[in-house]
Amino acid sequence: ADSSFEISYTGPATEFTVQDLVPSQSYFFRLQGANELGSGPYSTPISVNTLRTTARPDTPDMIILQSVGPTFITLSWNPLDAYQSVNPVSEFVLEMTQAFPYDSKID
């Protein structure tokens with residue numbers, strides 16, 4: 001077996017929670033099946049990053065135009081996925097300008 005991988009779980013379950021990991025760290029996982037005849041090949045490894053202990057929200061998805069009239073524009077957007085941050089989004093800030101090209105400076 002490849003010595004860079006350490007066994008996290010052995011048993012018949014199809015789900016397991018690896019605990020006591022370091023925040024904001026990359027981990028790689030691979031899986032192998034076994035039976036009385038021996039072990040099969042390993043799966044393709046996956047990379048997973050643990051969350052930061054505190055984090056600003058990720059960038060929201062694209063803004064969706066719902067409707068437009070002579071004096072109004074209705075927009076919508078999807079909520080941010082909960083798994084993206086351990087600190088849930090409490091509000092969104094929608095900004096508007098008529099200037100083009102607009103200042104795309106990110107704060």
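Just so it is clear, the values below take in all heavy atoms, side chains as well, and ignore hydrogens, waters and symmetry mates.
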*Any side-chain heavy-atom pair of Leu75 and Leu65 under 4.5 Å*: yes
*Least distance between heavy atoms, Gln32 atom then Ser39 atom*: NE2-CB, 3.4 Å
*Distance, nearest 0.5 Å, that separates CG of Leu51 from CG of Leu21*: 11.0 Å
*Ser76: what forms a side-chain hydrogen bond (donor to acceptor under 3.5 Å, both in side chains) with it, not counting sequence neighbours?*
Gln66
*List in chain and number order the residues that pass ring pair (Phe, Tyr, Trp, His ring centres under 6.0 Å) with Phe28, two or more places apart in sequence or in another chain; answer none if no residue qualifies.*
none
*Shortest non-hydrogen contact from Ser24 toward Thr50*: N-OG1, 3.0 Å
_Donor-acceptor contact below 3.5 Å, side chain Tyr27 vs main chain Val22_ = yes
*asked:* Take a 6.0 Å sphere around CD1 of Ile46 and say whether it holds more than 12 heavy atoms from other residues, nucleotides or ligands.
replied: yes
_For the backbone of Asn49 and the side chain of Ser26, can you confirm whether one donor and one acceptor N or O come within less than 3.5 Å of each other?_
no
*Are Ile7 and Tyr42 co-members of a hydrophobic cluster defined by side-chain heavy atoms under 4.5 Å apart?*
no
*Is it possible for you to say whether Leu31 and Phe16 belong to one hydrophobic cluster, with membership spreading through side-chain heavy-atom contacts below 4.5 Å?*
no
*List the atom of Asn78, the atom of Phe92, and the distance in Å for their closest heavy-atom pair.*
O-CZ, 4.4 Å
*asked:* Hydrophobic clustering (ILVMFWY, side-chain heavy atoms < 4.5 Å, transitive) - are Val68 and Trp77 grouped together?
replied: yes
